Amino acid sequence: MRRIRAEGAGYGRGDAGRGHRVLVEFVSANPTGPLHVGHGRQAALGDAICNLFAAQGWDVTREFYYNDAGVQIATLATSVQCRAKGLAPGDAGWPDAAYNGDYIADIAADFLAKKTVKADDREVTANGDADDLDAIREFAVAYLRHEQDLDLQAFAVRFDNFYLESSLYTSGRVEAAVNRLVALGKTYEQDGALWLRTTDYGDDKDRVMRKSDGSYTYFVPDVAYHIAKWERGFERAINIQGTDHHGTIARVRAGLQAVGLGIAEGYPDYLLHTMVRVMRGGEEVKISKRAGSYVTLRDLIEWTSKDAVRFFLLSRKPDTEYVFDVDLALAKNNDNPVYYVQYAHARICRVFEEWGGDAATLAGADLAPLTAAHELALMQRLAEYPEVVALAAKELAPHLVVHYLTTLAGDFHAWYNAEKFLVDDPAAKHARLALADATRIAIVNGLALLGVSAPEKM
RNA sequence: CUGCCCGUAGCUCAACUGGAUAGAGCACCAGCCUUCUAAGCUGGGGGUUACAGGUUCGAUUCCUGUCGGGCAGGCCA
């Protein structure tokens with residue numbers, strides 16, 4: 001307890017990662033629409049894992065990678081162009097592959113109004129020319145990047161860097177990777193395409209790198225991107241993605257081994273999470289970007305709160321399917337587990353407010369009076385905190401912190417109910433206040449790892 | 001058909017990576033506010049850890065098979 005109260009915000013930190021750099025890539029949504037609930041799970045996971053690694057002493061870089069030049073972006077551009085020319089979904093001439101959401105019409109309106117949009121990594125002013133597809137594409141990408149910035153801001157997630165897929169082409173990194181693989185004899189030509197021998201590295205079939213039309217398949221820039229990560233000095237890379245992308249793992253790793261640059265086997269790490277389904281009014285809300293009907297991350301945060309959404313999404317193991325029940329999250333009652341933990345913190349704050357003293361004066365408090373079963377259990381629980389954090393980082397498992405905090409809060413509530421802290425006996429009072437203060441520190445530190453606030457009043 | 005992931009109380013999930021009587025919340029039942037916040041606490045019922053084998057002193061955990069669910073299997077991303 002002396003250690004907890006001496007270390008304060010530093011309690012639970014370790015130095016296992018001191019001197020090591022890790023790059024965590026997450027969200028990485030293409031700028032074709034607002035972030036949805038699945039991105040939310042990824043944002044919550046990614047942010048928590050970055051916090052966990054930072055707490056272990058790692059030098060952490062948070063990166064958002066996005067495709068700003070591919071097929072989906074072309075679809076986005078034509079969708080906005082059609083809206084700008086007055087077409088709507090279902091009209092004659094409206095493309096089958098177009099995005100149908102209302103937000104496309106909003107982008108078109110702003111483009112025609114020659115507005116300026118400023119995103120985290122760019123600023124674009126529209127020229128209003130509905131025939132200028134390149135201008136429309138640039139504007140639409142900036143517009144949606146800005147929307148995603150707002151989504152991330154609402155969720156209190158920040159990134160150190162936005163990495164553009166297009167930069168891998170302009171910098172020559174894609175070409176260099178391909179040339180190197182060819183020179184090393186890791187490829188062959190067949191049916192007018194260039195193939196990589198990924199089966200030499202555990203993949204179940206070889207993969208096309210360069211299509212017969214001369215363009216590259218999507219995993220080629222991905223390989224170039226990960227070579228860049230390695231060369232930028234990140235000895236460890238963690239990618240957070242949906243399980244629907246698990247097929248790419250084998251071929252990216254194969255490509256990284258094939259280039260023969262000494263990249264560690266198993267680089268990068270992947271943390272895969274299942275998709276989130278949304279229930280409302282007892283029915284599943286279908287998520288379809290094409291149809292334009294979907295619950296965005298910002299919707300969810302506005303209906304409930306940043307804290308509730310984060311805590312909910314982090315409470316389960318990433319690989320178990322999660323059903324987000326909007327009605328449950330809206331209920332704002334004790335079904336919502338975040339309140340249980342925050343409430344413990346608020347109770348402690350209230351006790352200190354009532355006491356009126358300065359917690360710092362408790363530094364030399366005699367702890368001998370703490371002999372009750374609840375007190376011993378709570379102290380033991382507090383002592384476990386650093387190893388829980390270390391394990392959660394090692395296993396990429398933020399849910400361990402959620403469960404720990406729930407258990408810790410339970411220990412505290414039980415004690416709170418059994419004993420009164422502000423008793424007449426100064427020795428007992430100071431000992432109990434010291435334990436309450438240590439509990440408060442652990443709760444604040446743990447919630448901070450999850451990106452959840454610790455309100456002093458509820 | 002093939003590969004990966006998952007299957008634990010009525011429901012939603014844990015279980016410190018192979019250890020002692022498998023734990024919480026919700027729901028249900030019975031109690032606790034003249035006392036620092038009842039968004040809380042105490043007690044109770046509820047389990048063949050999907051099923052069948054195997055390894056082990058010991059299996060929810062590791063192996064094999066079966067059943068059920070999810071995701072993949074494109075010169076899409």
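All figures in this text were calculated on a predicted structure; none of them were measured in a lab. A note on names: the letters A, B, ... follow the listed sequences, proteins ahead of strands, and every chain is numbered from 1.
- Distance check on atom C1': B:rG25 versus B:rA15 gives 15 Å, rounded to whole Å.
- When distances are taken from the side chain of A:V351 to each of B:rG73, B:rC36, B:rA39, the shortest belongs to B:rC36.
- Taking the P atom of each, B:rG45 and B:rA22 are spaced 14 Å apart, rounded to whole Å.
- Judged by the 6.0 Å distance and 45° axis criteria, A:R145 is positioned over the aromatic ring of A:Y66.
- A perpendicular orientation is assigned to the rings of A:Y322 and A:F324, their planes being inclined by more than 60° (bins at 30° and 60°).
- Look at NE2 on A:H245: it is 20 Å from P on B:rC4, rounded to the nearest Å.
- Rounded to a whole angstrom, the distance from the C1' atom of B:rU60 to that of B:rG18 is 11 Å.
- A:A193 comes within 4.0 angstrom of a base, heavy atoms only.
- Separating the C1' atom of B:rA77 from that of B:rA14 is a span of 35 Å, rounded to the nearest Å.
- If you measure from atom OH of A:Y343 to atom C1' of B:rA38, you get 6 Å, rounded to the nearest angstrom.
- If you check every strand for non-hydrogen atoms under 4.0 Å, A:L400 touches sugar and phosphate atoms only.
- The distance from atom CD of A:Q190 to atom C1' of B:rC75 is 11 Å, rounded to the nearest whole Å.
- Checking side-chain atoms of A:H345 against main-chain N and O of A:P455 turns up a donor-acceptor pair under 3.5 Å.
- When ring centroids are compared, A:Y416 and A:H374 stay outside the 6.0 Å threshold.
- Using a 4.0 Å heavy-atom criterion, one finds that A:N67 contacts the sugar-phosphate atoms exclusively.
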